[in-house]
Amino acid sequence: MKRMAIATRLSLLILACVTAIVVLVAGYAFESSRRTMVDMARENGALLAQSTAGRISAQLKATAKVTETVAATLEDADMRESELRDLTRRILFSNPGIFGSAIAFEPHAFQAGRRFFAPFSFRQDSHVTSTTLGGADYNYFAMDWYQLARELNQPIWTEPYFDEGGGKALMVTYSAPFARVTPRGLQLTGVVTADVNLDWLQRMISSIRVSDNGHVFLLSRYGAYIAHPDAELIMNETIFTHAEELNHPPLRELGTEMVSGRSGFVEFSDFPGVGAAFVSFQPLPDEHWSLGVVLPKDELLAGVNRLTRVMAGIGLAGFAVLAGVVLLVSGSITRPLRILTGAAAGIAGGDLDQPMPFIAPGDEVGDLAASFERMRTSLKRHIANLTETTAAKERIESELRIAHDIQMGILPKTFPPFPDRTELDVFASILPAREVGGDLYDFFFIDGHRFCFLVGDVSGKGVPAAFFMAVTKTLIKAVAEREPEPGRILARVNDELAADNDSCMFVTLFLAVLDTRTGRLGYGNAGHPSPLLLRAGLPPERIAGMEEPMAGAMPDIDYSTGTLDLVPGDALFLSTDGVSEAMNPDLELYSDDRLLETVAGQARAGARDLVLAVSASVTAWAGDAEQSDDITMLAVRYLGPGPGRTSPS
């Protein structure tokens with residue numbers, strides 16, 4: 001898959017970060033502005049609703065006050081018909097907001113035998129006209145404006161209605177009952193009314209400018225539309241029937257809140273005729289009406305939306321400019337890097353003679369170019385040195401392999417070593433820690449019945465130890481032919497090794513001479529671990545060793561000779577400290593106790609099986625741990641005198 005260039009990645013990263021920041025800022029600004037506008041709409045809508053309701057209530061309260069005053073006057077005054085008619089006319093002349101006024105009496109209350117009597121004055125063509133209500137065609141006793149005040153016996157505003165008998169107009173009436181004292185007590189005498197033409201109210205509400213599509217509407221106590229921009233709804237629909245026709249539950253919930261006399265501010269996603277809008281509503285408690293102000297959301301948030309569009313346009317333009325600048329800058333930064341990449345590819349291909357391109361210093365790219373040039377020069381020099389070092393190392397390794405082969409060649413490695421001799425079972429193994437090591441073992445017949453065997457460990461490792469081992473082995477074999485006792489052999493060898501030993505090397509040795517006719521074993525020990533003695537029916541044990549110095553460190557040392565009688569079947573197991581000190585990955589030693597346990601398990605095994613069993617146990621213990629010392633083992637089992645030979649009595 002093709003990788004994306006650094007310039008492209010850098011540009012995309014910067015632009016993505018900038019875009020995220022711009023979007024967050026714009027989003028926060030939009031949401032903050034929107035909340036501010038909604039809060040302002042809430043406050044302005046409430047203020048508009050309150051002020052409009054206050055204006056309506058002020059007008060209607062004045063009408064109610066006049067009506068209640070006239071009703072109180074009639075309770076104490078007994079007026080003639082002409083006086084009552086003049087009173088209704090004076091009410092209209094004194095109160096321009098009142099469309100009409102009537103004083104309606106109970107049956108026969110004004111004059112016996114006169115069922116209907118209701119002088120009524122109203123405005124008509126800028127004049128005040130008077131008439132009398134009541135009759136077969138207008139039974140005012142059945143009208144709401146009369147019945148409600150009569151039954152409740154208190155002043156009340158009626159529901160809006162169309163007055164067929166008097167004003168011939170859509171109006172609302174305030175009715176105040178009055179009573180007089182009669183022989184039968186205080187009795188209702190009649191009702192004083194004041195009519196307010198809803199055309200005045202409609203004009204007043206229509207004059208309120210909310211916005212291009214906003215409006216104000218007024219509901220009666222039962223939800224009927226008293227004022228609304230849609231004239232078809234006025235007195236023909238309630239807010240509930242309107243909501244039912246439109247299948248608009250939120251509008252029904254709004255109507256419930258309004259006719260309950262509550263105030264509030266609600267949000268609509270689809271207000272009829274407007275769309276998304278806010279509605280602020282306020283009650284007119286005296287009249288039990290409710291006023292609503294509809295604020296279109298689009299118009300309310302038009303400024304916020306316009307500002308958002310402007311910010312988006314500025315952001316896009318800034319994004320384009322920033323993209324160009326980022327691409328230009330990142331290209332200028334990465335162009336030298338691309339040149340360096342091509343040169344580095346040549347170096348990686350092995351062309352160290354290829355010169356690096358010149359890049360002006362002064363910044364990190366210039367420093368990188370200079371570092372590449374130093375790297376090319378250093379690589380060239382180091383490769384040349386490495387070539388020489390590798391050749392030298394290969395020569396050394398070749399010499400070490402030859403030295404290893406020579407070392408292994410001077411150690412006896414053919415088993416069984418003496419096929420024609422039946423007195424002994426011998427097996428040995430050596431595993432150097434390096435290509436060549438300092439451990440040694442050897443065994444040979446000095447004469448027809450004396451068998452010499454030894455195990456040693458030279459100080460140090462590598463080639464010097466190997467040479468010291470070879471010299472030691474050669475000296476032992478030469479001296480053993482002239483000296484009968486192991487102690488004397490070690491003393492002569494020590495003197496020879498100590499002479500001109502400027503490197504101060506030394507060797508630990510255990511050397512024994514076995515008389516195969518008698519089983520008599522003589523041995524000497526120059527600082528080496530004592531071998532294990534295996535006797536039939538007994539656990540392995542160390543031969544009591546002499547605490548005597550290692551060989552080669554200093555001249556003129558006398559070494560003792562110990563003796564031991566072997567019986568057929570007895571065996572000796574000799575090893576270097578590389579066995580007991582072998583470590584596992586947790587740096588734990590194999591230990592002498594574990595060696596004794598392993599040897600005990602092979603007490604009656606042949607020499608070969610004994611050595612291989614110990615070797616397998618040490619290998620399993622060490623696992624993957626690196627071998628730290630040479631491991632050498634030698635097992636000798638005495639089988640008794642050979643055929644034709646007899647043991648001494």
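Only a predicted model underlies this, so the values are computations on that prediction, with no experimental measurement involved.
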Check: Does any N or O in the side chain of E299 come within less than 3.5 Å of the main-chain N or O of N213, such that one atom is a donor and the other an acceptor?
Finding: yes
Next item on the list: For N247, look at atom CG and say whether over 12 heavy atoms of other residues, nucleotides or ligands are found less than 6.0 Å away.
Entry: no
Notebook entry, point to check: Of all heavy-atom pairs between L284 and A53, which one has the smallest distance, and what is that distance?
Noted result: CD1-CB, 3.6 Å
Checklist line | Heavy-atom side-chain proximity of E237 to H228 below 4.5 angstrom | finding: no
Note to self: Within the structure provided, determine whether L595 and V579 are in side-chain contact (heavy-atom separation under 4.5 Å).
What the structure shows: yes
Checklist line | Intermediate values then yes/no, side-chain hydrogen bond (donor to acceptor under 3.5 Å, both in side chains), E287 and Y174 | finding: CA-CA 9 Å; E287 297 79 18; Y174 187 77; over 6 Å; no
Note to self: Quick check on E232: does its CD atom have over 12 non-hydrogen neighbours (other residues, nucleotides or ligands) under 6.0 Å away?
What the structure shows: no
Check: Hey, what do you get for CZ (F265) to CD (E43), rounding to the nearest 0.5 Å?
Finding: 10.0 Å
Notebook entry, point to check: How long is the span from the OH atom in Y225 to the OG1 atom in T241, to the nearest 0.5 Å?
Noted result: 7.5 Å
Checklist line | Test item: L251 and I239 side chains (from C-beta on) under 4.5 Å apart, heavy atoms | finding: yes
Check: Taking atom CG of L218 and atom CD1 of I226, what is their separation to the nearest 0.5 Å?
Finding: 4.5 Å
Checklist line | Heavy-atom closest pair, residues V294 and A277 | finding: CG1-CB, 4.1 Å
Note to self: Would you compute the distance between atom CD1 of I631 and atom CD1 of I430 and round it to the nearest 0.5 angstrom?
What the structure shows: 10.5 Å
Margin query: Show, in sequence, the C-alpha distance, side-chain angles and deciding distance for L233 and F217, and conclude whether the side-chain contact (heavy atoms from CB on, under 4.5 Å) test is met.
Written below: CA-CA 11 Å; L233 297 177; F217 65 94; over 6 Å; no
Next item on the list: Over all heavy atoms of both residues, which pair between M583 and S628 is shortest? Give the atoms and the distance, please.
Entry: CE-OG, 4.3 Å
Notebook entry, point to check: Given the rule in the ring pair (Phe, Tyr, Trp, His ring centres under 6.0 Å) test, do H242 and H248 qualify, once you have shown the distances and angles that lead to the verdict?
Noted result: CA-CA 8 Å; H242 191 201; H248 202 297; 8.6 Å; no
Check: Atom OG in S591, atom CD in E581: separation rounded to 0.5 Å?
Finding: 11.0 Å
Check: Do you know the tightest heavy-atom contact between E159 and S220?
Finding: OE1-OG, 2.8 Å
Next item on the list: Search all heavy atoms of A194 against all heavy atoms of T63 and return the closest pair with its distance.
Entry: CB-CG2, 3.4 Å
Notebook entry, point to check: Quick one: does T238's side chain have a donor or acceptor within less than 3.5 Å of a partner on F240's backbone?
Noted result: yes
Next item on the list: Could you walk me through whether V293 and I208 pass side-chain contact (heavy atoms from CB on, under 4.5 Å), step by step?
Entry: CA-CA 10 Å; V293 179; I208 301 172; over 6 Å; no
Distance-only donor-acceptor pairs under 3.5 Å for side chains of residues 618-626, two or more places apart:
{"residue": "T619", "atom": "OG1", "partner": "S615", "partner atom": "O", "Å": "2.9"}
{"residue": "W621", "atom": "NE1", "partner": "E588", "partner atom": "O", "Å": "3.1"}

Note to self: One pair to check against side-chain contact (heavy atoms from CB on, under 4.5 Å): V266 and L254. What are the steps and the verdict?
What the structure shows: CA-CA 8 Å; V266 294; L254 174 64; 4.0 Å; yes
Checklist line | Pairwise distance OG1(T173) to CG(D144) - rounded to 0.5 angstrom | finding: 9.5 Å
Note to self: Whether the side chain of T598 engages the backbone of V614 through a donor-acceptor N/O pair (distance < 3.5 Å, no angle test) should be reported.
What the structure shows: no
Note to self: I'd like to check M505 versus F467 (side-chain heavy atoms, cut-off strictly below 4.5 Å). Are they in contact?
What the structure shows: no
Checklist line | Flag, side chain of S459 to backbone of F506, donor-acceptor distance under 3.5 Å | finding: yes
Next item on the list: Kindly give the heavy-atom pair with the smallest separation between D439 and M469, and that separation in Å.
Entry: O-CG, 3.5 Å
Item checked: Test item: side-chain donor near acceptor, D457 and T576, under 3.5 Å -> no
Margin query: I'd like to know if the side chain of R221 reaches the main chain of T158, judged simply by a donor and an acceptor atom lying under 3.5 Å from each other, with no hydrogens or angles considered.
Written below: no
Margin query: Would you say that Q282 contacts T52 through its side chain, given a criterion of any heavy-atom pair below 4.5 Å between the two side chains?
Written below: no
